[in-house]
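Report on the following structure.
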Amino acid sequence: MNLYRGCCHGCLYCDSRSGCYRIEGFDTVRVKADALRIFRDDLARKARPAFISMGSMSDPYNPFEKELELTRHALELMDAYSCGAAIATKSPLITRDMDILASIQAHSPVICKLTVTTADDGLAARLEPNAPPPSRRLAALGELSGAGLFAGLLLMPVLPFLEDSEEGVLAVVEGAARAGARFVYPAFGVTMRQGQREYFLDGLERAFPGQGLRERYLRRFGDRYWCASPKAGKLWQAFTAACQTSGILYDMKSIIRAASLGYGDRQLTFFD
């Protein structure tokens with residue numbers, strides 16, 4: 001579910017810019033008309049509780065959410081209708097709603113996912129110019145975990161030639177461990193397709209002038225959709241070893257199983 005349309009983080013790599021989604025003026029955030037009423041009516045018609053995911057196409061905690069509180073009110077509806085919630089965001093504003101998330105988690109699974117592609121604030125500022133820095137996201141993760149919420153990181157995308165060093169990946173895992181993360185879910189590569197590819201490649205040229213990244217990407221990946229890091233295999237080995245040492249989950253089945261633990265036979269309702 002997306003209450004907003006578009007996003008103002010300005011991330012160079014965002015797949016939601018792809019032409020197949022037909023979102024004009026993607027950098028301008030707009031509120032979907034009458035979204036909360038429609039959502040409430042949808043919940044009222046459901047025969048059994050749902051597990052609802054937010055943040056797949058537009059960050060539910062964009063800067064306008066601080067005043068509008070649409071995401072907060074949507075969470076209140078989920079709580080009232082005994083629904084679970086999964087939220088993906090790059091904003092520390094998610095900590096504002098820890099009270100409602102805790103109330104939901106008392107009866108249904110909750111998964112709080114903060115996206116961090118690098119622990120380096122300086123590098124992130126060039127790749128995600130309008131998003132809160134990773135240091136603030138990791139601090140928010142610590143607050144969520146400290147409140148007993150099931151929270152972790154999305155380590156994706158890990159950009160080839162920029163973020164795919166073993167040191168960089170392990171720095172994210174170490175930051176996650178310090179913040180009490182339950183999981184880190186990775187993707188060692190990036191997607192490129194029509195409508196997003198040119199924005200991404202042009203953005204790399206602007207952010208990293210003179211480094212020839214456009215030519216390097218085109219030479220390596222051409223018009224491929226999934227562009228895996230050439231180091232993906234080695235990164236996976238180092239990443240999984242670090243997660244196992246820290247007791248951090250990293251595969252989706254284990255994450256879902258852990259998040260749904262203790263909810264009895266309802267977990268199949270939420271995750272089938």
Side-chain angles (χ1 to χ4, degrees), residues 1-5 7 16 29 31-32 34-62 64-66 68-116 132 137 140-156 176 179-185 249 252-272:
M1 179 187 67
N2 293 283
L3 299 167
Y4 297 93
R5 190 173 179 86
C7 187
S16 296
V29 176
V31 176
K32 292 186 176 180
D34 215 11
L36 288 175
R37 183 194 61 78
I38 294 170
F39 180 47
R40 181 203 62 202
D41 291 349
D42 284 345
L43 290 177
R45 284 193 294 266
K46 284 190 174 294
R48 60 183 186 180
F51 183 79
I52 298 163
S53 179
M54 304 174 72
S56 60
M57 297 292 295
S58 178
D59 196 316
Y61 289 102
N62 63 68
F64 305 101
E65 169 61 21
K66 188 172 184 179
L68 296 176
E69 297 192 348
L70 296 182
T71 297
R72 181 172 177 83
H73 294 323
L75 289 172
E76 290 170 339
L77 286 168
M78 292 183 209
D79 192 14
Y81 283 91
S82 299
C83 293
I87 304 176
T89 182
K90 285 180 177 158
S91 175
L93 185 57
I94 188 176
T95 59
R96 178 199 66 187
D97 294 338
M98 290 192 298
D99 57 335
I100 305 175
L101 291 167
S103 181
I104 294 173
Q105 190 170 264
H107 57 71
S108 305
V110 167
I111 305 179
C112 301
K113 302 173 285 185
L114 283 150
T115 299
V116 173
R137 296 176 228 168
L141 173 62
E143 290 188 52
L144 294 167
S145 299
L149 292 165
F150 190 89
L153 297 184
L154 298 178
L155 175 55
M156 60 174 70
R182 297 292 306 276
F183 65 89
V184 178
Y185 187 66
L249 303 172
M252 187 53 67
K253 286 185 178 180
S254 297
I255 294 167
I256 290 173
R257 188 180 304 115
S260 60
L261 190 65
Y263 295 100
D265 57 5
R266 291 189 66 193
Q267 65 183 7
L268 297 178
T269 298
F270 286 113
F271 295 109
D272 272 356

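If you're wondering where the values come from, they're calculated on a predicted model, not measured in any experiment. Only this structure's heavy atoms are used, side chains among them; waters, hydrogens and symmetry mates stay out.
Side-chain N or O atoms of R182 include none that pairs as donor or acceptor with a backbone N or O of L249 at under 3.5 Å. No donor-acceptor pair under 3.5 Å is formed between the side chain of S108 and the backbone N or O of Q105. Between the side chain of D59 and the backbone N or O of K90, at least one donor-acceptor pair lies under 3.5 Å. The backbone N or O of K32 sits nowhere less than 3.5 Å from a side-chain atom of R5 that would complete a donor-acceptor pair.
In terms of heavy atoms, A74 sits closest to L36 at N-CD2, 3.8 Å. Residues H107 and S82 come closest through the heavy atom pair CE1-CA, 3.4 Å. Here the closest heavy-atom approach between residue F150 and residue V110 is recorded as CB-O, 3.2 Å. Shown here for S91 and L114, the closest heavy-atom pair between the two residues is O-CD2, 3.9 Å. Across all their heavy atoms, A85 and L75 have their closest contact at CB-CD2, 4.2 Å. Nearest heavy atom pair, residue A88 against residue P60, reads O-CD, 3.3 Å.
The distance from the CD1 atom of I87 to the CG atom of L144 is 9.0 Å, given to the nearest 0.5 Å. Between atom NZ of residue K66 and atom CZ of residue R96 there is a gap of 9.5 Å, rounded to the nearest 0.5 Å. One finds the CD atom of E69 at 13.0 Å from the CG atom of L3 (value rounded to the nearest 0.5 Å). To the nearest 0.5 Å, atom CE of residue M54 and atom CD1 of residue I111 are 14.5 Å apart. Atom-to-atom distance recorded for M78:CE and S103:OG is 12.5 Å, nearest 0.5 angstrom.
Under the 4.5 Å side-chain criterion, counting only non-hydrogen atoms from C-beta, F183 is not in contact with M252. At least one side-chain heavy atom of N2 sits under 4.5 Å from a side-chain heavy atom of S56. Put simply, the side chain of M1 reaches to within 4.5 Å of the side chain of F39, judged on heavy atoms.
Of the options L155, L153, V184, a side chain to side chain contact (heavy atoms under 4.5 Å, CB included) to V116 is made by L153 and by none of the others. When each of D97, T71, T89, T95 is tested with Y61 by the rule side-chain hydrogen bond (donor to acceptor under 3.5 Å, both in side chains), just one qualifies, namely D97.
For residues 99-114, the salt bridge (charged side-chain N to carboxylate O under 4.0 Å, His left out) pairs, not counting sequence neighbours, are R72-D99.
Ion pairing between D41 and R37 holds under the 4.0 Å rule for side-chain N and carboxylate O.
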